There are 2 protein chains.
Amino acid sequence: MPLKADLDAIDWKILRELQADGRMTNVELSNRVGISAPPCLRRVKRLEEAGIIRGYRALLNAPALGLDVVAFCLIGLHHQADAELRTFAERTRGWPIVRDAWMVSGESDFLLHCVASDLGAFQTFVIEELTSTPNVDTVRTALTIRRIKDEGLVSFAQP
Amino acid sequence: MPLKADLDAIDWKILRELQADGRMTNVELSNRVGISAPPCLRRVKRLEEAGIIRGYRALLNAPALGLDVVAFCLIGLHHQADAELRTFAERTRGWPIVRDAWMVSGESDFLLHCVASDLGAFQTFVIEELTSTPNVDTVRTALTIRRIKDEGLVSFAQP
DNA sequence: GGCAACACGCAAGAATCTTGCGTGATTTTG
DNA sequence: CAAAATCACGCAAGATTCTTGCGTGTTGCC
């Protein structure tokens, strides 16, 4: 189960390339990182089995699919005991509009990344679902105007 | 250049499957959506060329890579003229700590999704970069405690 | 110095990708 | 309404890629 310390320069290159293009063939990947295909594939599988690569995902174009509203919601609860946090977290998993969600510390307790077909659908969600959920205190929303940066979770500026 | 209206049930299945596993082989994908491999591959390419599939990305495990801090920053500027918004947007692209960034409307002007190796690195970024950037008025941060939902951008609950 | 552990690259068989082509269904057109 | 055109499907075959086993060279550790 390798961790960060076990990764060498080639592993980092693999991670960078697959974060940029997760569907690259192994042959192409092996050329880019400078080793032959078999050891390259073995490294990728090792990274997958170690959980360093959590999976692969196609990135979809929401507007082209009729999803014109992307927004973030900051949620504050009345009571933040463990049971209440878990209850709200569980509820977010049942809302299709919520795509990613984080429990956070600071002025709010949760941050929700939401996608909806239009403003009406989003407002309906906020009013009829979010604010009417028990224990929800504050809801602040930020409608996105446009995405200005979109890279993978991990930066490769330094290594 | 197909749009939403041109997509049939099989296309939606393809999108769902590739959003869940972007590295699935075309043979496996074709089995799951119920057609043979050649037309399935043709559909995928059509979706890619139409920009509906924007790309593919490996999802990496930040903590395993020594990145223990994931946070969001809400930024308010003093002046929100177009030139100033563009200037700030451009600056976010030069910060490796900032992974995704959105221009938003509401109480803040920008939302930054940040990843850092530790709290010190993040605080250094906030103090020495963010707050010292010209035209930055307010900076509110939300440190993430844990991710409670992590799905692709597009929901497939309805179609 | 010798041994064990490890990762590499080669090679071959299996699987997948990719293209061309014929068929059938649906839509358009006369 | 019929004929033609369009479209997407599935089959088949060659090209590419994946996958595994194996031998070799290097590294680290007695």
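In what follows, every chain begins at residue 1, and chains take the letters A, B, ... in the order their sequences are listed. Here the structure is a predicted model, which means the values were calculated and not measured.
- For the pair B:A37 and A:C40, both in contact range of DNA chain C, the more 5′-proximal nearest nucleotide belongs to A:C40.
- Residue B:V27 places its side chain closer to C:dC17 than to any other of C:dT18, C:dC17, D:dT19.
- Protein atom CD1 of A:I35 is 17 Å distant from nucleotide atom P of D:dT26, rounded to whole Å.
- At least one side-chain nitrogen or oxygen of A:R43 sits closer than 4.0 Å to the OP1 or OP2 atom of C:dC8.
- Rounded to a whole Å, the CG atom of A:N31 is 9 Å from the P atom of D:dT17.
- Between A:L41 atom CG and D:dC18 atom P the separation is 7 Å, expressed in whole Å.
- In the set C:dC17, D:dC18, D:dT20, the nucleotide with an atom closest to the side chain of A:T25 is D:dC18.
- With respect to B:R57 and A:D21, no salt bridge is recorded, no charged nitrogen being found less than 4.0 Å from a carboxylate O.
- Side-chain N/O atoms of A:Y56 and A:E48 include a donor and acceptor closer than 3.5 Å.
- Counting to the nearest Å, the C1' atom of C:dA7 and the CD1 atom of A:I14 are 12 Å from each other.
- Listed nucleotides C:dG9, D:dC9, D:dA12 differ in distance to B:I10; the shortest reach to its side chain belongs to D:dC9.
- Between the side chains of B:D109 and B:Q80, a donor-acceptor pair is found at a separation under 3.5 Å.
- For an aromatic pair to be called close, the ring centres must be under 6.0 Å apart, and A:F125 with A:W95 satisfies this.
- Atom-to-atom, CD of A:E28 to C1' of D:dT16 comes out at 13 Å; the value is rounded to the nearest Å.
- Across the protein-nucleic acid pair, B:R46 atom CZ and D:dA8 atom C1' stand 10 Å apart, rounded to whole Å.
- Atom CG in A:N26 sits roughly 12 Å away from atom P in C:dG9 (whole-Å rounding).
- Here the side chain of A:K149 pairs a donor or acceptor atom with the backbone of B:V98 at under 3.5 angstrom.
- Picking from C:dG9, C:dT19, C:dC17 the nucleotide with the shortest atom distance to the side chain of A:R42 gives C:dG9.
- Per the geometry, CE belonging to B:M24 stands 15 Å off C1' belonging to C:dT16, to the nearest Å.
- With C:dG9, C:dT16, C:dG20 as the candidates, the nucleotide lying closest to the side chain of A:P39 is C:dG9.
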